Amino acid sequence: MQRRRWRTLGLLRRLLTCAIGSIGLVAVLYAHQQEIGLGGEQSWMLEVVPPHLSRAPLPARKLDGASGISDSDKLWKQPQKRDYMPCVDPSSTYTTPRESRGYLLVQTNGGLNQMRAGICDMVAVARIINATLVIPELDRRSFWQDTRYHFSDSCFSFVSKICMVDANVFTCSNCSNFSDVFDDNHFISSLANDIKVIKKLPKELATSTRAVKHFRSWSGIEYYQDEIASMWEDYQVIRAAKSDSRLANNNLPPDIQKLRCRACYEALRFSPRIEAMGKWLVERMRSYGPYIALHLRYEKDMLAFSGCTHDLSPEEADELKIIRENTVYWKVKDIHSTEQRTKGYCPLTPKEVGIFLTALGFPSNTPIYIAAGEIYGGDSRMANLQSRYPLLMNKEKLASAEELESFINHASQMAALDYIVSVESDIFIPSFSGNMARAVEGHRHFLGHRKTISPDRQEN
């Protein structure tokens, strides 16, 4: 009896040993497979299977016992609208535009979203001073990557003294490129009940003397009604040399504020070809399921301008400093990087963004669209974020070189594609509160308070 019991125990031990060995072998093989799949530094710019051909697995859903709502649902849940609705319709006392007193030419400045805001302000200014608005000219510096735009120094610098003395010198054959980015016909028709908009200055005024004016920053309605409108007594054409931040944000008549909103969210529509490509990119992104649009500001010029060198090598910091010192129109040269970062004036690094997303609870298979220019430091700077979130997408991954060929050398058009995909995303996360971040967040509020997560970059 005792001998049979020992024989049974020995058999059980052998079975247990075999089971443990099998489990260990499976674990080793799985780890080896994972090492092969993820080993080595990945390029976040590498080709991937287009999302319209392959769907990523959806994140596992863990239910909240109390409410029955999964953690995933909580992450993607949109904020409540709280009965807030867009308020853009004019009041009952709003009238159609009166007879125009003259023509307003506008030279926009800045990047895509700075130009958008400036154009909306100039629409309101045209209404205030009773002007006919000529389709604005886009900032040539925004087309610095465009192969078909070439300008002399006097034409390139819209603040040069020669342009201030003689407005007729301030002409370029390729300066007015509004229709390359925006739908000019829609812009004109949408504002027909607000102001008169024309594509070109009448021929008889092409060589007339023009008043070139730098409108005062953040000016109220009295400034334009009194000082600027009085210039019609001497001039038929007024040229606004800059467009950004020319109109105050507050203490304006409600109908003027509503006009700015109509101009921004209804009249300023991208050109049909940009809209079509943007919607196509959104559809391809959606084939992965709900996605995050990450506005990752970490380009070389942005870091050089802001003086943010955290986590960079001494050589990289010196390179950015030299760029800042050699860029004439950047006024601030001596910047203390640590102070900038402590005050929240620096963007999150790509690595910090990955940590932030993980801390929020987003799983590793979350689809993320990167709305950005060329990341400073390239693949090595993106390696940590890429390892945490392998499904990093951008225009170049979602579309072929042939599909992007007509956009690739046009910076503002490429930025417009990023804008569309960001506005339509399920969640928008900017790593820095720049012009695009604010423009996209505002547009998303207008369309129904879509979810935006803005990291607090200030050190407490």
Side-chain angles (χ1 to χ4, degrees), residues 81 83-101 103-106 108 110 112-138 178-179 181-199 215 218-221 224-225 228-229 240 243-272 274-275 278 412 416 419-420 422-424 435-436 438-450 452:
K81 298 181 181 180
D83 296 326
Y84 285 109
M85 300 293 290
C87 182
V88 296
D89 294 334
S91 68
S92 58
T93 59
Y94 193 76
T95 61
T96 56
R98 294 172 294 169
E99 184 178 353
S100 172
R101 298 186 64 186
Y103 297 88
L104 177 62
L105 302 177
V106 175
T108 62
L112 173 66
N113 296 288
Q114 194 172 351
M115 288 191 291
R116 279 176 62 97
I119 292 170
C120 298
D121 282 357
M122 290 300 105
V123 167
V125 168
R127 172 81 185 191
I128 294 170
I129 65 175
N130 198 24
T132 295
L133 178 65
V134 181
I135 285 284
E137 298 172 357
L138 301 188
F178 189 92
S179 61
V181 179
F182 300 108
D183 187 335
D184 53 356
N185 292 322
H186 177 77
F187 183 74
I188 293 171
S189 61
S190 293
L191 297 171
N193 293 325
D194 304 296
I195 60 171
K196 184 178 180 180
V197 184
I198 59 176
K199 293 185 179 182
F215 294 162
W218 308 113
S219 296
I221 192 169
Y224 288 101
Q225 288 177 332
I228 303 302
S243 64
D244 69 314
S245 308
R246 301 299 110 179
L247 189 60
N249 286 331
N250 303 310
N251 300 319
L252 295 174
D255 274 325
I256 293 298
Q257 298 287 45
K258 291 177 180 180
L259 175 56
R260 294 167 96 178
C261 288
R262 289 197 299 276
C264 188
Y265 301 128
E266 294 179 356
L268 267 182
R269 190 166 67 186
F270 292 119
S271 66
I274 293 177
E275 288 281 346
S412 287
Y419 184 94
I420 293 172
S422 297
V423 167
E424 295 298 326
N435 289 317
M436 178 170 172
R438 290 190 289 268
V440 170
E441 183 176 2
H443 204 154
R444 288 168 65 82
H445 279 306
F446 181 83
L447 294 174
H449 296 281
R450 298 173 180 177
T452 297

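From a predicted model like this one, the values you see are computed outputs, not experimental measurements. The first residue in the sequence is number 1, and the count goes up from there.
For the pair Ser243 and Ile119, the minimum side-chain heavy-atom distance is 4.5 Å or more. Looking at Leu247 and Tyr224, their side chains come closer than 4.5 Å, going by heavy atoms from C-beta outward. When side chains are defined from C-beta on, Leu138 does not count as touching Ser412, because their heavy atoms never get closer than 4.5 Å. Between Asp255 and Thr93 there is a side-chain heavy-atom pair separated by less than 4.5 Å. Contact check for Phe215 versus Met122: side-chain heavy atoms found under the 4.5 Å cut-off. Side-chain contact between Val440 and Arg450: absent, with no pair of heavy atoms (C-beta onward) separated by less than 4.5 Å. Considering only heavy atoms from C-beta on, Met115 stays 4.5 Å or farther from Pro136 through its side chain. For the pair Phe182 and Ile135, the minimum side-chain heavy-atom distance is 4.5 Å or more.
Shown here for Leu104 and Ala131, the closest heavy-atom pair between the two residues is CB-CB, 3.9 Å. Nearest heavy-atom pair across Gln114 and Gly110 is OE1-CA, 3.4 Å. The shortest non-hydrogen separation linking Ser179 to Asp184 is CB-OD2, 3.6 Å. The minimum heavy-atom distance linking Arg444 with Val423 is given by the pair NH1-O, 2.9 Å. Minimum heavy-atom separation, Val181 to Ile274: O-CD1, 3.6 Å. Pairing each heavy atom of Ser91 with each of Lys258, the nearest pair is N-NZ, 4.4 Å.
Annotation: the span from Ile221 atom CD1 to Ile256 atom CD1 amounts to 5.0 Å, rounded to 0.5 Å. Residue Met85 holds its CE atom at 9.5 Å from CZ of Phe446, rounded to the nearest 0.5 Å. Annotation: the span from Tyr103 atom OH to Ile198 atom CD1 amounts to 5.5 Å, rounded to 0.5 Å. Taking CG from Leu133 and CG from Leu191, the interatomic distance works out to 8.5 Å, rounded to the nearest 0.5 Å. Between atom OG1 of residue Thr96 and atom NZ of residue Lys196 there is a gap of 13.0 Å, rounded to the nearest 0.5 Å. For the atom pair CD1 (Ile195) and CZ (Arg98), the distance works out to 13.5 Å, reported to the nearest 0.5 Å.
Shown here are the side-chain contact (heavy atoms from CB on, under 4.5 Å) partners of Asn250, two or more places apart in sequence or in another chain: there are none. Applying the ring pair (Phe, Tyr, Trp, His ring centres under 6.0 Å) rule to His445 yields the partners His449; only residues at least two apart in sequence or on another chain are considered. By the ring pair (Phe, Tyr, Trp, His ring centres under 6.0 Å) test, Tyr419 pairs with Phe270, His443, sequence neighbours left out. Legend: residues meeting side chain to side chain donor-acceptor pair (under 3.5 Å) with Ser92, ordered by chain and number and at least two apart, are absent. In this structure Arg127 satisfies the salt bridge (charged side-chain N to carboxylate O under 4.0 Å, His left out) test with no other residue, sequence neighbours excluded.
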Using the rule given for side-chain contact (heavy atoms from CB on, under 4.5 Å), can you reason through Arg101 versus Ile129, listing the C-alpha separation, both sets of side-chain angles and the distance that settles it, and then say yes or no?
CA-CA 8 Å; Arg101 298 186 64 186; Ile129 65 175; over 6 Å; no

As a quick check of understanding, evaluate side-chain contact (heavy atoms from CB on, under 4.5 Å) for Val123 and Phe187, giving each step before the final call. CA-CA 11 Å; Val123 167; Phe187 183 74; 3.8 Å; yes

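Here the side chain of Thr108 pairs a donor or acceptor atom with the backbone of Glu137 at under 3.5 angstrom. Remark: the backbone N or O of Ser100 is not paired with any side-chain donor or acceptor of Thr132 at under 3.5 angstrom.
For CG of Asn249, the number of neighbouring non-hydrogen atoms (other residues, nucleotides, ligands) closer than 6.0 Å is greater than 12.
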Please list, one pair per line, the donor and acceptor atoms closer than 3.5 Å that link side chains of residues 261-269 to other protein atoms, with sequence neighbours excluded.
{"from": "Arg262", "atom 1": "NH1", "to": "Val88", "atom 2": "O", "distance (Å)": "2.5"}
{"from": "Arg262", "atom 1": "NH2", "to": "Asp194", "atom 2": "OD1", "distance (Å)": "2.7"}
{"from": "Arg269", "atom 1": "NH2", "to": "His186", "atom 2": "ND1", "distance (Å)": "3.2"}

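With respect to the salt-bridge test (charged N to carboxylate O, under 4.0 angstrom), the residues Asp121 and Arg260 qualify.
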